[in-house]
Amino acid sequence: MAGDMKVLNALDSAKTQWYHFTAIIIAGMGFFTDAYDLFCISLVTKLLGRIYYHVDGSSKPGSLPPNVSAAVNGVAFCGTLAGQLFFGWLGDKMGRKKVYGMTLMLMCLCSVASGLSFGREPKTVLTTLCFFRFWLGFGIGGDYPLSATIMSEYANKKTRGAFIAAVFAMQGFGILAGGIFAIIISATFQASFKAPAYEVDALGSTVPQADYVWRIILMVGALPALLTYYWRMKMPETARYTALVAKNVKQATTDMEKVMQVDIGTVQKEPTISANTAVKSSNEFGLFTKQFVSRHGLHLLGTTSTWFLLDIAYYSQNLFQKDIFSAIGWIPAAKTMNAIEEVYKIARAQTLIALCSTVPGYWFTVFLIDRIGRFTIQFLGFSMMTIFMFALAIPYDHWTHRGNHIGFIVLYSLTFFFANFGPNATTFVVPAEIFPARLRSTCHGISAASGKLGAMVGAFGFLYLAQPQDKTKADAGYPAGIGVRNSLIVLGVVNLLGTLFTFLVPESKGKSLEEMSRENDDPTEAGAEVENHSSDNGTVPV
């Protein structure tokens, strides 16, 4: 039946139009907010440590204790994982559009509430911050499967990969916007409220107004998403959901005629119960069925495993940024700066890294994904990340000597580049293309949740692993680890495993969604089963 619908054929063959770019912006604003928030929290945690965990007489500025730091950074990951699973499932049950507005409003409300964290005592402020960041993450998590699915179902098959990748690439602009805004706010406060360095006056280095800085930075992240809320509500339900899941071909055609501004015409007025639809029902298997495992089990294993392995490496890379920035002199020792100045210096350094490697990587993917294919980009990305990680790890002592830092920076930046011109983009794109419409959002949510689980392993497991093997040299509150060199070797192995698991992921370049999910297969292959089973005995899709 999928193959007989003019509306789906019209979407697949449509020329690139203004509504495609509108959909990219509307869907991408969620990822803009996501990246903005994740980028800014690394700046905020430094400032929170100075404000709420100052220790009189200490030679170093205050910092968040390990358990508090893990909670502030990790609670959003927990919320994101839960949101990906829940909203992914809900998007297949209720429809993409009905759920889409919920996630955006949750993100906006919790971004603002994060900046309004209550009280003056450290425990009160950090507890409320963690509470709101969990629900912020929950909303962000929902945006992953819904944005990818909506964009894939709106796009034509010729440029679908580029459109989905462009939605994800809005993360790059979110990172830049977060850094630039943090630079502006910190520079403004620095000029207005002068303060000495910590080593000159420990208490005076953190002015009372610094408490406004982190709150403003977090709250502003809600604005871009809030501005697109109206347009999200105006978007019609995707034609594929309406036609293939809700079984209303006429409504799907009407909606897309308005969006595309063309006359498509319906092939059939309304789906009727016939032998054809009885046969089709045999293909409507659920997630937890033998049919799904047979058709898509390896595909789901491929998308979940590669996303999991990618995020272990990707998020753990952020752990080494502070060491790298300090090594090349971009960030002076914390005690030589005041609190707001430290925010400015870190934001400037991270913005430069994003501008030079992270953002270009995203857009290389956008421009090339429909030319060279998803598999090639993912395989190349994982392979190059493996090579560069081993190149950093094996001669690690060499890179620590003065004069060799520039080479380290180049290799480190290239790993970020090939993560984004590689699996960081393709792991988002592919799950939105290869599963049936009725399970597409759910399977993307499962894949994304697997990635977020990897992010937790990368961000926190390696935070402990990377500690020096000599416990006396480890950061305060941390046990001895395996050292940075050995941690980099482990990450190299993780990337190598990602390269191997990429072979489980099918190529979807130039193919329709129905062709990839086999929704337009000749149903006679299931005819024998249909003859022996009534539709009442069929498996209900999960």
Side-chain angles (χ1 to χ4, degrees), residues 7-8 10-35 84 87-88 91-92 95-101 103-104 140-174 225 228 231-245 252 255-256 259-260 303 362-363 365-367 369-370 374 424-437 439-445 447-448 508-514 516-517:
V7 63
L8 304 189
L11 281 170
D12 280 337
S13 59
K15 293 181 180 179
T16 300
Q17 300 177 37
W18 179 247
Y19 80 87
H20 287 124
F21 297 106
T22 304
I24 289 171
I25 294 170
I26 294 170
M29 277 302 109
F31 286 94
F32 183 99
T33 302
D34 173 16
Q84 287 163 338
F87 285 114
D92 283 332
R96 293 40 161 148
K97 179 187 175 181
K98 288 181 181 177
V99 183
Y100 211 27
T103 62
L104 193 70
I140 288 172
D143 232 52
Y144 273 74
L146 292 170
S147 290
T149 301
I150 285 172
M151 197 66 244
S152 72
E153 293 181 345
Y154 263 102
N156 60 57
K157 64 182 180 182
K158 184 179 179 181
T159 56
R160 185 180 61 239
F163 289 158
I164 304 172
V167 169
F168 195 62
M170 292 295 284
Q171 281 192 334
F173 290 124
T228 61
W231 298 107
R232 280 202 180 190
M233 294 297 93
K234 292 280 287 182
M235 289 179 75
E237 182 58 82
T238 69
R240 284 183 162 89
Y241 183 87
T242 305
L244 298 175
V245 183
D255 289 342
M256 289 305 102
V259 169
M260 299 169 67
T303 57
Y362 281 122
W363 291 98
T365 301
V366 172
F367 291 125
I369 191 168
D370 288 311
R374 289 75 162 145
N424 194 37
T426 55
T427 51
F428 177 80
V429 173
V430 174
E433 300 181 305
I434 64 177
F435 298 107
L439 299 172
R440 187 170 291 136
S441 180
T442 301
C443 290
H444 195 286
S447 302
S508 52
K509 177 172 73 81
K511 298 178 181 178
S512 72
L513 296 179
E514 289 67 46
M516 287 305 303
S517 63

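Among all heavy-atom pairs drawn from Thr228 and Ile26, the shortest one is OG1-O, 4.4 Å. The minimum heavy-atom distance between Met170 and Gly28, with the atom names listed, is CB-O, 3.3 Å. Contact detail for Gly445 and Pro145: the closest heavy-atom pair is N-CB, 3.7 Å. The two atoms that bring Pro431 and Thr427 nearest to each other are CD-O, 3.0 Å, heavy atoms only. The two residues Ala169 and Val366 come nearest to each other via the heavy atoms CB-CG2, 4.2 Å. Closest of all the heavy-atom pairs between Ser441 and Leu146 is OG-CD2, 4.0 Å.
Within the 4.5 Å cutoff, side-chain heavy atoms of Met256 are placed close to those of Tyr154. Taking the side chain as every heavy atom from C-beta outward, Gln84 and Ser447 never approach each other to under 4.5 Å. Ile434 has its side chain within reach of Thr303: a pair of non-hydrogen atoms, C-beta onward, lies under 4.5 Å apart. Annotation: side chain of His444 is not in contact with side chain of Phe435 (no heavy-atom distance under 4.5 Å).
With rounding to the nearest 0.5 angstrom, the OG1 atom of Thr149 is 8.5 Å from the CD1 atom of Ile164. In this structure, OG in Ser147 is found 9.0 Å from CG in Leu104, a value given to the nearest 0.5 Å. Between atom CG of residue Asn424 and atom OG1 of residue Thr365 there is a gap of 8.5 Å, rounded to the nearest 0.5 Å. Considering OH of Tyr19 and CD1 of Ile24, their distance stands at 11.0 Å, rounded to 0.5 Å. For the atom pair CH2 of Trp231 and CD1 of Ile25, the computed distance is 11.0 Å after rounding to the nearest 0.5 Å. To the nearest 0.5 Å, atom CG of residue Asp370 and atom CZ of residue Phe163 are 8.5 Å apart.
Residues in residues 149-173 take part in these salt bridge (Lys or Arg N to Asp or Glu O under 4.0 Å) pairs, two or more places apart or across chains: Arg96-Glu153, Glu153-Arg440, Arg160-Glu433. Sequence neighbours left out, the pairs with a member in residues 231-243 that pass salt bridge (Lys or Arg N to Asp or Glu O under 4.0 Å) are Asp12-Arg240, Asp143-Arg232, Arg240-Glu514.
Side chain of Asp92 to backbone of Thr442: a donor-acceptor contact under 3.5 angstrom is found. For His20 (side chain) and Gln17 (main-chain N/O), a donor-acceptor pair under 3.5 Å exists by modelled atom type. A donor-acceptor contact shorter than 3.5 Å links the side chain of Thr103 to the backbone of Tyr100.
Applying the ring pair (Phe, Tyr, Trp, His ring centres under 6.0 Å) rule to Phe31 yields the partners Tyr144, Phe168, Phe428; only residues at least two apart in sequence or on another chain are considered.
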